[in-house]
Visitor: 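This is the structure I want to talk about, given as structure tokens.
What's counted below: heavy atoms across the whole structure, side chains too, no hydrogens, waters or symmetry copies. To find a chain, count down the sequence lines: A is the first, B the second, and so on, and within it residues start at 1.
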Amino acid sequence: MPELPEVETLKVSLEKELLQKTIVNVDIRRPKLRYLLDHDLKSKIIGARILGLYRRAKYLLLELDNSHTVVIHLGMTGRATGQAENYHLQKHDHVALYLSGARKLVFNDARRFGMIYCLPSDNLMQHKIFASSGPEPLEEDFSAEYLLKKLKNKKVPIKTALMQNEIVVGVGNIYASESLFLAKINPLKLANSLSVDETNRLVEAVKKVLWQAIKAGGTTLKDFVDGDNKPGYFKQKLLVYDREGKACIACDSGSIAKLRQAGRSTFYCDICQK
DNA sequence: CACTCTCCCTGAAAGC
DNA sequence: TGCTTTCAGGGAGAGT
């Protein structure tokens, strides 16, 4: 389940594989992922060299030397791995980029929630998939001051607000629960009712959880592997997510509860999180 | 405008 | 054992 730390891990692991390589051919075995791929995707990227590798929110960006950027979102089950040239495509390998140096980048996605775009690099952040995105959680502009202001008119539960991309990008369902637990804030509490102190704690908790997950190479629940096909090691560090009915790690007396908010599972300890 | 719900998709796990 | 049902969730669009 790739969230921000997983995409960041992937980006770093793919740098050696991709930077300065030329895309010599493209194999599209299944053109419909979440959306139908651009009909001219091939012609836009064949022959181009990869100049830079970046991440924005949960999107991986491959900047090409022809003023286009390939934008990849892994959805729920997507993987992007570097393989040898003679690697035989397997089930759910939907797109392969053949690269100079006898390598290929293979995009595999069982559930096809992923997306691949090729967009003009100029004003990329003005494109609709990025235009209304909030700050990166690990950047300085995601601060308590910012968040307090942003939540002032939000009448939704804080858990729901944390997952809205216009407030902050890249905090998915797992890390939203984890962050609120660390900050000792009840996920049902309305976003506009957080105190200054709570907002401070929450911003710190989000940054801490994401940093730790990046350091561990991402969380692997079921599917995530990085560009070298290695799983992440953060799962054993999850404190509340997927621990319904188990003892709370912090207070020992309670057990982790599960509820549904805006169609998503939330895990929390109602003794620790007030 | 603010918010919630539904859909897309496959495979693992639970239920019968 | 084997079939059917449920659940997982990011983001877009429809619905309230």
Visitor: With the stacking rule set at 5.5 Å and 30°, tell me whether A/F113 counts as stacking on C/dG9.
Guide: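 Taking the rule of under 5.5 Å and under 30°, the ring of A/F113 does stack on C/dG9.
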Visitor: Does the side chain of A/S265 get closer than 4.0 angstrom to OP1 or OP2 of C/dA8 through an N or O atom?
Guide: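 Checking C/dA8 against A/S265, a side-chain N or O does come within under 4.0 Å of OP1 or OP2.
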Visitor: Looking at C/dG11, does its base get a donor-acceptor pair with the side chain of A/R34 below 3.5 Å?
Guide: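 Pair found.
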Visitor: Return the nearest nucleotide to the side chain of A/K58; candidates are C/dA12, B/dG11, C/dG10.
Guide: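 Looking only at heavy atoms from C-beta outward on A/K58, the closest nucleotide is C/dG10.
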Visitor: Would one find a side-chain N or O of A/K32 under 4.0 angstrom from OP1 or OP2 of B/dC9?
Guide: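 Yes, such a contact exists.
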Visitor: Measuring from A/D38:CG to A/L119:CG, what's the distance to the nearest 0.5 Å?
Guide: 7.5 Å
Visitor: In this structure, how many angstroms lie between the P atom of B/dG11 and the CG atom of A/D109, rounded?
Guide: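 A/D109 atom CG is separated from B/dG11 atom P by 11 Å.
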Visitor: Which sits closer to the 5' end of DNA chain C, A/N173 or A/Y35, going by the nucleotide each is nearest to?
Guide: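 The residue closer to the strand's 5' end, by nearest nucleotide, is A/N173.
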Visitor: When the distance from CE of A/M163 to P of B/dA2 is rounded to whole Å, what number comes out?
Guide: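 A/M163 atom CE is separated from B/dA2 atom P by 20 Å.
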Visitor: Quick one: A/N165 CG to B/dC3 P, roughly how many Å, whole number?
Guide: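 One finds 15 Å between P of B/dC3 and CG of A/N165, rounded.
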Visitor: Indicate the ring-plane relationship of A/Y59 and A/F130, choosing parallel, tilted or perpendicular according to the 30° and 60° boundaries.
Guide: perpendicular
Visitor: Could you label the plane-to-plane angle of the A/F267 and A/Y241 rings as parallel, tilted or perpendicular, counting under 30° as parallel and over 60° as perpendicular?
Guide: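 The rings of A/F267 and A/Y241 stand perpendicular, inter-plane angle above 60°.
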Visitor: Tell me which one of A/T69, A/T22, A/I23 satisfies side chain to side chain contact (heavy atoms under 4.5 Å, CB included) with A/L64.
Guide: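 One option only clears the test, and that one is A/I23.
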Visitor: Examine the base of C/dA8 for any acceptor or donor lying under 3.5 Å from a partner atom in the side chain of A/R111, and report the outcome as yes or no.
Guide: yes
Visitor: Pick the nucleotide of DNA chain B nearest each of A/R264 and A/Q164; which residue has the one closer to the 5' end?
Guide: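 With A/R264 and A/Q164 compared, the 5'-side residue is A/Q164.
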Visitor: Name every residue in residues 142-157 of chain A that has at least one heavy atom under 4.0 Å from any atom of DNA chain B, in order of residue number, or write none if there are no such residues.
Guide: A/N153, A/K154, A/K155, A/V156
Visitor: Out of curiosity, A/L60 CG to A/E6 CD, how far, rounded to the nearest 0.5 Å?
Guide: 13.0 Å
Visitor: Is there a side-chain contact between A/K128 and the phosphate of C/dA12, meaning an N or O under 4.0 Å from OP1 or OP2?
Guide: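 No, outside the criterion.
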Visitor: Can you tell me how far C1' of C/dC7 sits from CG of A/L259, to the nearest Å?
Guide: 16 Å
Visitor: Find the distance A/M76:CE to B/dT10:C1' and express it as a whole number of Å.
Guide: 10 Å
Visitor: So which pairs with a foot in residues 123-143 of chain A pass salt bridge (charged side-chain N to carboxylate O under 4.0 Å, His left out), sequence neighbours left out?
Guide: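 Those involving residues 123-143 of chain A are A/R55-A/E136, A/R56-A/E136.
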Visitor: Got a second to check how far A/M115's CE is from A/H73's NE2, nearest 0.5 Å?
Guide: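 One finds 4.5 Å between CE of A/M115 and NE2 of A/H73.
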